[in-house]
Amino acid sequence: MIARPFLSLHSPAPAALLVAATSAFALAAAWFFQLVVGLAPCPLCLDQRIPYYIGLPLGLVAFVLLARGQTRTGRALLALLALLMLGNMGLALFHAGVEWRFWPGPTACTGAPTVVTGDILSALKGARVPRCDEAAWRLFGLSMAGWNALIAAALAGIAGRAAATGRTL
């Protein structure tokens, strides 16, 4: 009996709900690390949050549509969620590669500071953009970008498989 809910994750409605819930969890964790732990996000970190901001309401809408029997639209939204999470996985892998110095990152957060003159310079002196090529936190050797790549890959697989299945619940 306990295994049955896990088996139904391949069905569209529970999968949509799982994507929405995991998106909420990922955002809550990111905000926790930012506001409570004090780790300021770099520009690539902020970009990796966007798919979760989109995935949360999209997953809920897909769940409602699937629960109401509108399988075609619900499964199309699941396919969209899968693509969204694949894109997030790609961005997270890129960011992890920048942290490991496999390739260069955006110059805005890894390169030399831009020379600015005038009043803008005095405003920028106090500003500090966190570097994209320095992992602020690691667990088991993986940075937050690495963990995000794994989470996004899992969500893409769950959403993609559920979109392709013929079952509704």
Contacts table for residues 23-42: side-chain donor-acceptor under 3.5 angstrom, sequence neighbours left out:
residue: S23; atom: OG; partner: V19; partner atom: O; Å: 2.8
residue: W31; atom: NE1; partner: Y53; partner atom: OH; Å: 2.9
residue: Q34; atom: OE1; partner: R49; partner atom: NH1; Å: 3.0
residue: Q34; atom: OE1; partner: R49; partner atom: NH2; Å: 2.9

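- One hydrophobic cluster, built from ILVMFWY side chains closer than 4.5 Å, cannot hold both L93 and L91; they sit in different ones.
- Note that the CD1 atom of I151 and the CH2 atom of W147 stand 8.0 Å from one another [nearest 0.5 Å].
- The side-chain heavy atoms of C45 and M144, taken from C-beta on, include no pair separated by under 4.5 Å.
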Side chains of residues 82-90: which donor-acceptor partners sit under 3.5 Å, not counting sequence neighbours?
residue: N88; atom: ND2; partner: Q48; partner atom: O; Å: 3.4

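- Taking the side chain as every heavy atom from C-beta outward, Y52 and L56 never approach each other to under 4.5 Å.
- Annotation for A79 and A163: closest pair N-CB, 3.7 Å, computed over non-hydrogen atoms.
- The shortest heavy-atom contact between A62 and G74 is CB-O, 4.0 Å.
- At least one donor-acceptor pair closer than 3.5 Å links the side chain of R75 to the backbone N or O of T165.
- Scanning all heavy atoms of the two residues, the minimum distance from I158 to A15 falls at CG2-CB, 3.7 Å.
- With values rounded to the nearest 0.5 angstrom, L18 atom CG is found 11.0 Å from L81 atom CG.
- Closest approach of N148 and A92 over heavy atoms only: ND2-CB, 3.5 Å.
- Remark: V61 pairs with L65, L77 by the side chain to side chain contact (heavy atoms under 4.5 Å, CB included) rule, at least two apart or across chains.
- Note: T71 OG1 to L78 CG = 11.0 Å, rounded to the nearest 0.5 Å.
- Here the side chains of R68 and V64 are in contact, with some heavy-atom distance below 4.5 Å.
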